[in-house]
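Below is one structure; the comments refer to it alone.
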Number of protein chains: 2
Amino acid sequence: MAKRLNKRRSNDPEGIRKRIVDTAFSAFSTRGYGVTSVQDLKTAAGVTGGAFSHHFPTKKELGLAVLHGNVADAVEETWIKPVAEAKTASAGVEAIFARIIRELDQQGFVSGCPLGNMVSELARQDDDMRKAAIAILEKWRKELAQKIRADQRAGHCAPLDAETAANFIIASYWGAMAIAKASQDSSALKDCSQELLRYLELHPGQRPCL
Amino acid sequence: MAKRLNKRRSNDPEGIRKRIVDTAFSAFSTRGYGVTSVQDLKTAAGVTGGAFSHHFPTKKELGLAVLHGNVADAVEETWIKPVAEAKTASAGVEAIFARIIRELDQQGFVSGCPLGNMVSELARQDDDMRKAAIAILEKWRKELAQKIRADQRAGHCAPLDAETAANFIIASYWGAMAIAKASQDSSALKDCSQELLRYLELHPGQRPCL
DNA sequence: ATTCGAACAGGACAATCATCCTGTTTGGAG
DNA sequence: CTCCAAACAGGATGATTGTCCTGTTCGAAT
């Protein structure tokens, strides 16, 4: 059915798969899962329908691949690693916010947190995607809590439950990202960073610092 | 083209319009704007295509009506009024979280914050919807900040910028709702409430309580 | 009683969606 | 070389999508 050999073809399954997944991650993150059609992805990635459905029979499988791959990697790169390498959790949080704010300001627009976006769009729509998302989320929280506990053992005055605090940090980050996305301005992130540091740094527990 | 008068019809433009808008608010909040088709809404609201397109020529106009109406009202009812009527901002926040957690637990599932959901789905997709959303958001923040300032004037020890703190509260609430939606569990909201109160109540400013 | 615009009925419409299908090409195993 | 499964090409398909259109009915004003 294909014409002649007008163009050379080279079988590169991993390369094409990566092109599709990367294109999808970008589109899902900036525009959303639902509004991105597989046609859009085919043309954007430069792959034919045959190649596409060979690697990803359904759109959902592509979504799961993006979650398990690019989204998990993004969380790892922008949060987990910087926190682990920072001196303290609060120093890590401060650096992470500063970097994201800087990137957003020079990018000119705010797309939001990739994981947060996919969660709020798909969590009540597809249970497999929801579970894939919470797996990433739980690792994120676990690593953050671990760092907080390490800080506490190192003598930092922060008598709060590490898991609870990690949840709170991620929540305020997600929400600040959503506000920034709505207002298309990074100032919500600046506010969040400032107040989060205030929350983390001076913490005499329940009684006001004896 | 219509058959005979098999069923009586009563012209009730406001009633039908309200049925459509309320159905749409429920569907947009629990499932999402994109995945909800106008066919779904027609059957769910029990209106014909003619009636629907008479009141809302496009889906977008319906979305804007839902935002300006039901979503704004929901924010008013669940946040602005309770905060205004509470003794202090932190007491109001505590009561609001407690009520939402109670409702979610007995409802059995978490759909997320209606405004937060629509923002993260539509903010980068349609500028009119985005602007409608930030109008609600800004009023929300303004009222919250006003309450915080009133608390400060009343002698409460909270030397923080009211607008910034309001942003932070809304952000952490949105994010906690998103986490709760992902995990289908209200514990993220409990964590957020607890830490938010800690943040609000004991606040000796920059220097650790002289 | 007549009239006229608003309110509504009930489909028709093209466009787009995700998926599937048949056929061709590639590249390694034997 | 031969052979064959995986990798890809290039549409076709049926179901949905949002919107539109023609015709009918209501209700208030005259």
Side-chain angles (χ1 to χ4, degrees), chain A residues 1-24 27-28 31-67 118 121-122 125-126 128-129, chain B residues 1-24 27-28 31-67 118 121-122 125-126 128-129:
Chain A
M1 189 169 268
K3 310 284 178 61
R4 294 293 95 190
L5 43 90
N6 43 6
K7 281 289 164 65
R8 209 81 180 116
R9 169 156 77 93
S10 60
N11 280 9
D12 180 23
E14 290 161 23
I16 286 198
R17 188 191 150 93
K18 182 168 163 48
R19 275 225 310 277
I20 295 174
V21 171
D22 289 348
T23 307
F28 292 167
R31 304 188 195 183
Y33 177 87
V35 291
T36 303
S37 73
V38 303
Q39 280 295 347
D40 292 342
L41 295 174
K42 284 178 199 168
T43 55
V47 298
T48 63
F52 188 93
S53 64
H54 173 72
H55 290 282
F56 301 102
T58 66
K59 190 185 182 183
K60 172 177 170 175
E61 292 190 43
L62 175 57
L64 287 170
V66 167
L67 273 174
M118 295 198 74
E121 184 176 358
L122 300 172
Q125 210 175 123
D126 187 293
D128 294 321
M129 299 235 193
Chain B
M1 186 171 269
K3 309 283 177 61
R4 296 290 95 191
L5 43 91
N6 43 5
K7 282 291 165 61
R8 209 83 180 115
R9 169 155 76 93
S10 61
N11 279 8
D12 180 22
E14 290 161 22
I16 287 201
R17 188 192 151 94
K18 180 166 166 46
R19 276 225 310 277
I20 296 174
V21 170
D22 288 347
T23 306
F28 292 168
R31 304 188 196 181
Y33 177 87
V35 291
T36 303
S37 72
V38 302
Q39 281 294 348
D40 293 341
L41 295 175
K42 283 178 199 167
T43 56
V47 297
T48 63
F52 188 94
S53 65
H54 173 71
H55 290 280
F56 300 102
T58 66
K59 190 184 181 183
K60 172 175 169 175
E61 291 189 43
L62 174 57
L64 287 171
V66 168
L67 274 173
M118 296 198 75
E121 184 176 357
L122 300 171
Q125 211 176 123
D126 188 293
D128 294 322
M129 302 236 193

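In what follows, every chain begins at residue 1, and chains take the letters A, B, ... in the order their sequences are listed.
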Exercise for the section: Could you check how far CZ of A:F56 sits from P of C:dC20, rounded to whole Å? Expected result: 15 Å

Exercise for the section: Could you tell me whether A:K42 contacts a base, only the sugar-phosphate backbone, or nothing, with contacts defined as non-hydrogen atoms closer than 4.0 Å? Expected result: base

Problem - DNA chain C contacts made by residues 32-41 of chain B, counting heavy atoms under 4.0 Å - result: none

Exercise for the section: Could you list the residues that satisfy salt bridge (charged side-chain N to carboxylate O under 4.0 Å, His left out) with B:D40, not counting sequence neighbours? Expected result: none

Exercise for the section: May I have all residue pairs that pass salt bridge (Lys or Arg N to Asp or Glu O under 4.0 Å) and include part of residues 44-60 of chain A, sequence neighbours excluded? Expected result: A:K60-A:D126, A:K60-A:D128

Handout entry: Side-chain heavy-atom pair B:T48, B:K42 within 4.5 angstrom cut-off
Key = no

Practice task
Count the heavy atoms belonging to other residues, nucleotides or ligands that lie under 6.0 Å from CZ of A:R31, then report whether that count exceeds 12.
Solution key: no

Exercise for the section: For B:S53 and for A:P57, find the nucleotide of DNA chain C with the closest heavy atom, then tell me which residue's nucleotide is more 5'. Expected result: B:S53

Practice task
Find the distance A:R19:CZ to D:dA7:C1' and express it as a whole number of Å.
Solution key: 13 Å

Exercise for the section: State, with a plain yes or no, whether a side-chain heavy atom of B:T23 is found less than 4.5 Å away from one of B:V47. Expected result: no

Handout entry: Toward the 5' end of DNA chain D, by each residue's nearest nucleotide, A:H55 or B:K60
Key = A:H55

Fill in the blank from the handout: Test side-chain contact (heavy atoms from CB on, under 4.5 Å), reference B:K18, set B:D22, B:V21, B:I16, output is B:D22

Problem - Side chain B:E121, main chain B:Y33, donor-acceptor under 3.5 Å - result: yes

Exercise for the section: Round to the nearest Å and state the distance from A:K59 atom NZ to C:dT19 atom P. Expected result: 8 Å

Practice task
Would you kindly give the CD-to-P distance between B:E14 and C:dA7, to the nearest whole Å?
Solution key: 9 Å

Completion exercise
To the nearest angstrom, the CD-P distance between A:E61 and C:dA18 comes to 15 Å

Practice task
Respond yes when some side-chain nitrogen or oxygen of B:H54 is under 4.0 Å from OP1 or OP2 of C:dC8, and no when none is.
Solution key: no

Problem - Options C:dA7, D:dC8, C:dT19, nucleotide nearest the side-chain atoms of B:N11 - result: C:dA7

Exercise for the section: Take atom CZ of A:R17 and atom C1' of D:dC8, then tell me their distance rounded to the nearest Å. Expected result: 16 Å

